[in-house]
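One structure is given below, encoded as C-alpha cells.
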Amino acid sequence: MTAFIARRIGQALVVLFLVTIIVFGLLHALPGGLVRAQLGPKASVYAVHQLAVQEGLTKPLPVQYLVWLDHAVRGDLGFSYKLNTPVSTLLAEYFPRDLLLTGLAIALAIAVSIPLGVLQGYRRNKGVDYVFSGTLLALYSMPSFLLGVIAIIVLNIELPLLPSTAQEFGHGFGTDAKVLALPVLTLMLGNIAYYSRYVRSSVIDNLLEDYVRTARAKGAGWSRVLVGHVLRNSLMPVVSLIGISFPYVVSGSLIVEALFDYPGMGLLFWDAEQSRDYPVLLGVVLLVSVAVVIGSLVADVAYAILDPRIRYE
Amino acid sequence: MSEQDPLRPAGAPAGTVLATGAVVGAAAGDADGATVPTARRPAWRENLTTFAHNRFALAGLIVLIAFTAFCFLGPLVYPTNQSATNLLNENLPPSSQFPLGTSPEGFDILGRLMLGGQSTLEVGFAAAIVATAFGALWGAIAGYAGGFVDAVLMRIVDTMLSIPFLFFVVLVGTLLQPTLPLIVLAISSVSWLSTARVVRGETLSLRTRDYVVAARGFGIGHLSLVVRHIVPNALGAIVVNATLKVADAILLFASISFLGLGEPPPATNWGRMLTTGINNLFDGYWWQLWPAAIAIVATVVAINAVGDGLHDVVEKRLQGGHG
C-alpha cells in the first residue's frame with residue numbers, strides 16, 4: 001500500500017515538473033516576447049530593454065526557469081498589469097468559486113448517473129435503455145454552450161424561473177443558490193452523459209459475473225442483487241472515473257463560466273484571453289493543471305484503498 | 001490509473017471500450033484465414049455487411065454523406081454572396097427569398113450554413129487525421145520500445161492530459177495567429193493523447209506475437225517493424241478511435257469559436273454561427289440559432305454512430321468471424 005502510494009506520488013511529482021516546464025515554455029513562446037506583450041508595439045527599445053532587465057529576462061533560460069519556479073513555489077506568479085493586481089491574489093479570489101461550481105456539478109452528476117446507469121445496464125437493449133441512451137448521446141453530442149443556451153431558453157425565457165447570468169454571485173446564500181442553478185445544471189448534464197455510459201457498461205460487465213448467478217441461485221431477488229452486489233462492484237471504477245474526468249469538468253467550466261458570467265477561473269481566463277493578459281493566462285493554466293494532478297492522485301489513492309486488488313499490479 | 005483509462009478514447013462512449021486482448025485474435029484470425037483455402041467473399045464485403053447490419057451506423061453514414069454533400073456541393077446549386085455584407089437585409093426571418101432568414105450582417109443563412117460547414121468538417125477531419133497519425137506513432141514507439149523510453153513518452157502524455165485541454169487550446173490559439181491550419185494544429189495538440197494511449201496498449205500485446213519475433217529475426221529495422229507490422233495490425237482500433245476524434249474535434253472547434261478564437265469574418269463555421277445566434281437570443285432571432293445547432297448535433301451524432309458501426313466491424317473480425 002505504502003509502496004503504491006509512494007510510486008503514485010512520485011509519478012505525480014514528475015508530471016507536475018513537466019507541467020511547469022510546459023507553462024514556462026509557453027510563457028516564452030509569446031510573439032515578440034513577454035515584455036513587448038506587456039508594453040505594446042509602440043514602446044521604445046529602451047523601455048523594452050529596461051523592463052527585460054528588471055524582470056530578469058536577459059539571463060539564460062535555465063536560470064530564468066529556476067527563478068520563475070522559485071517564485072511560483074512561493075506563490076508569486078507574476079503581476080497582472082491589466083488588472084493591476086498580483087496574479088496570486090486573483091487566483092486566491094477566483095479558485096474557491098470553481099471548487100464550488102465543479103464540486104456541485106460532479107456530486108450531482110454522480111448522484112443521477114449511478115441509478116441511471118444501473119437501470120440502463122439492467123434493462124440493456126430494452127425500451128428504457130434505448131430512450132436514455134439516445135437522450136444521453138444527444139446531450140453528449142452538443143457543445144456545452146448549446147446545452148447552456150437550451151437551459152436558458154427553457155428555464156429563463158419560456159418559464160422565467162431562474163436568472164440567465166451569474167454576475168450577481170456573492171450576495172448572500174439565497175441569490176447564490178439561484179444564480180448557480182443554471183451553470184451547475186449545464187455542467188452537470190454534460191457530465192451525466194459522460195458518467196452514466198461508464199456505469200452502464202460496468203454494470204453490464206458485472207451482471208455476467210459468477211457471483212451474480214450464485215446470488216440469484218441462492219434466491220436473492222434482482223433488486224437485492226443489483227443494490228447489494230452489482231452496484232457495490234460497479235462503483236469502484238467510478239471513483240477512478242471521477243479522477244479521469246477532472247480535465248473535462250474543468251474545461252467545461254471554462255465554457256459555462258463564459259456563458260453565464262460566473263466569476264470563476266474560467267471567466268478570469270476568458271477575460272485575460274480577450275485582453276491578452278499573459279501572466280493571468282499562464283497562472284490560471286498552471287493552477288488548474290496542478291489541481292487536476294492532485295485531484296487524480298487523490299482519486300487513485302482512494303481507489304487503491306477501496307479496492308486492494310489495484311495495489312498489486 | 002485504472003485499467004479502462006488508456007483504452008478509452010477521449011469522449012468515447014463507454015460501450016465502445018476496446019478490448020486489447022481481443023486484437024490478438026485478429027492477427028491470429030488473419031493468419032489462419034490465409035492458410036485455409038476456402039472460397040469466401042472478400043473481407044471488405046464482409047465488413048460492409050457487418051457495418052450495414054447496424055442500422056444506427058448506416059443512418060449515421062447517410063446523414064454524414066448528406067451533410068458533406070450539402071456543404072461542398074450545395075453552393076453549386078444554391079449560390080449566395082457570402083463576402084459582401086448587405087445591411088438592408090440584416091436579421092430577416094425566413095421567407096421565400098431567404099429560406100432560413102439572414103444573419104446580423106445580412107448574409108443568407110442557408111448559404112452560410114454551407115460555408116460554415118465546409119470549415120467545420122475540414123477542421124474536424126484534418127485534426128483527427130493529424131492527431132491519429134502522430135498519436136499512433138507515438139503510442140506504437142512507446143509500447144514497442146518499453147522500459148525507459150516508454151516511461152518518458154507516457155509521462156509526457158500524462159502531463160499534457162493534466163492540462164485541461166480547452167485552456168491549452170485557447171492559450172495556443174491566443175499565442176499564435178488563429179488561421180485554419182493553426183486551429184487544426186491546436187486541436188490536434190490535445191487530441192493525439194488518447195490515441196497514443198490506445199495504440200500503446202495495443203502495441204504492448206502485439207509486440208510479443210510470433211510474426212513480430214519472426215520479422216525481427218529477419219533483421220528488420222525497429223522503425224519499419226513499427227510502421228509496417230505493428231501499426232497496421234492495430235489499425236482497427238486506430239480507425240474507430242480516429243472516427244470519434246472527428247466528432248470531438250468538431251465540438252472542440254465549436255467551443256473555441258464560442259470563446260472568440262477563429263478565422264476573421266467573413267469566414268465562418270458552425271460554432272461561430274451558433275455563437276451569433278446566442279448573442280441575439282433575447283431578440284428572438286431563432287433562425288440564427290437552430291440551423292447551426294441542428295447541423296452540429298446531427299453531424300456529431302452521425303459520426304459517433306459511424307464509429308459504433310466500425311467498432312462492430314472490428315469486434316467481428318476479432319472474433320475470427322469472417323463468415
Side-chain angles (χ1 to χ4, degrees), chain A residues 11 14-16 18-19 22-23 26 29-31 133 137-138 140-146 149 152-153 157 164 194 197-202 204 237 240-241 243-244 246-252 254-255 258-259 266 269-270 273-274 276 281-282 284-285 288-290 292-293 296 300 303 310, chain B residues 1-5 8 10-17 151 155-156 158-177 247 250-252 254-255 257-261 270-271 274-275 277-278 281-282 284 289 292-293 296-305:
Chain A
Q11 255 182 31
V14 172
V15 167
L16 276 182
L18 291 173
V19 164
I22 290 177
V23 171
L26 287 170
L30 288 172
S133 292
L137 178 62
Y140 196 82
S141 304
M142 265 180 214
S144 45
F145 58 99
L146 178 60
V149 165
I152 292 179
I153 291 176
I157 299 180
S164 68
Y194 183 73
R197 288 175 171 213
Y198 214 91
V199 177
R200 176 182 179 272
S201 70
S202 171
I204 290 176
S240 72
L241 175 64
I244 300 166
F246 283 136
Y248 298 89
V249 184
V250 175
S251 289
L254 170 54
I255 295 283
L259 180 65
F269 183 80
W270 192 47
E273 186 247 316
Q274 311 271 312
R276 299 288 189 271
L281 283 175
L282 295 162
V284 171
V285 170
V288 291
S289 309
V290 170
V292 165
V293 173
S296 341
D300 272 6
Y303 191 25
I310 202 78
Chain B
M1 288 290 164
S2 81
E3 280 303 303
Q4 291 91 332
D5 173 32
R8 188 181 155 79
T16 64
V17 167
R155 281 304 85 73
I156 293 175
D158 288 349
T159 307
M160 295 285 292
L161 276 174
S162 13
I163 302 177
F165 53 89
L166 199 50
F167 287 81
F168 189 77
V169 172
V170 170
L171 194 58
V172 172
T174 310
L175 297 180
L176 307 167
Q177 287 301 319
I250 289 177
L251 288 178
L252 194 50
S255 290
S257 304
F258 171 72
L259 294 173
L261 287 173
W270 287 343
L274 202 49
T275 308
I278 291 170
L281 187 65
F282 292 93
L289 179 67
I296 289 189
V297 177
T299 308
V300 173
V301 169
I303 293 169
N304 278 320

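Order of the sequence lines sets the chain letters (A, B, ...), proteins ahead of strands, with each chain counted from 1. Everything numeric in this text was worked out from a predicted model, so none of it was measured.
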A:Leu146 and B:Ile296: CA distance, side-chain angles, deciding distance, side-chain contact (heavy atoms from CB on, under 4.5 Å) verdict:
CA-CA 10 Å; A:Leu146 178 60; B:Ile296 289 189; 6.0 Å; no
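Heavy atoms of B:Leu261 lying under 4.5 Å from chain A belong exclusively to its side chain. Residue B:Ile250 does not touch chain A at all, counting heavy-atom pairs closer than 4.5 Å. For A:Leu259, the parts sitting under 4.5 Å from any heavy atom of chain B are the backbone and the side chain alike. In this structure, the portion of A:Val284 lying under 4.5 Å from any heavy atom of chain B is its side chain and not its backbone. If you measure heavy-atom distances from B:Ala247 to chain A, you find no contacts under 4.5 Å at all. Interface remark: A:Ile255 contributes backbone and side-chain atoms alike to the contact with chain B (heavy atom separation under 4.5 Å). Of the atoms belonging to A:Val285, it is side-chain heavy atoms, and not backbone ones, that fall under 4.5 Å from chain B. With a 4.5 angstrom heavy-atom cutoff, A:Leu16 does not touch chain B via any of its atoms. Proximity to chain B (any heavy atom under 4.5 Å) is shown, for A:Leu18, by both the backbone and the side chain.
The two residues A:Ala258 and B:Leu259 make their nearest non-hydrogen contact at CB-CD2, 3.9 Å. Between B:Leu161 and A:Pro247, the shortest heavy-atom distance links the atoms O-CG, 3.5 Å. Here the closest non-hydrogen pair linking B:Ala292 and B:Trp270 is CB-O, 3.8 Å.
Ranked by heavy-atom pairs under 4.5 Å with chain B, the list A:Val149, A:Val23, A:Leu254, A:Ile204 is led by A:Leu254. Between chain B and the residues A:Ile153, A:Val290, A:Val293, A:Ile152, the largest count of heavy-atom pairs under 4.5 Å involves A:Ile153.
The aromatic rings of A:Phe145 and B:Phe258 lie parallel to each other, with less than 30° between the two planes, well short of the 60° mark.
Looking only at side-chain heavy atoms (C-beta outward), B:Val300 and A:Met142 stay at 4.5 Å or farther from each other.
Checking side-chain atoms of B:Ser162 against main-chain N and O of B:Thr159 turns up a donor-acceptor pair under 3.5 Å.
B:Leu274 contributes atom CG, which lies 4.5 Å from atom CD1 of B:Ile278 (distance to the nearest 0.5 angstrom).
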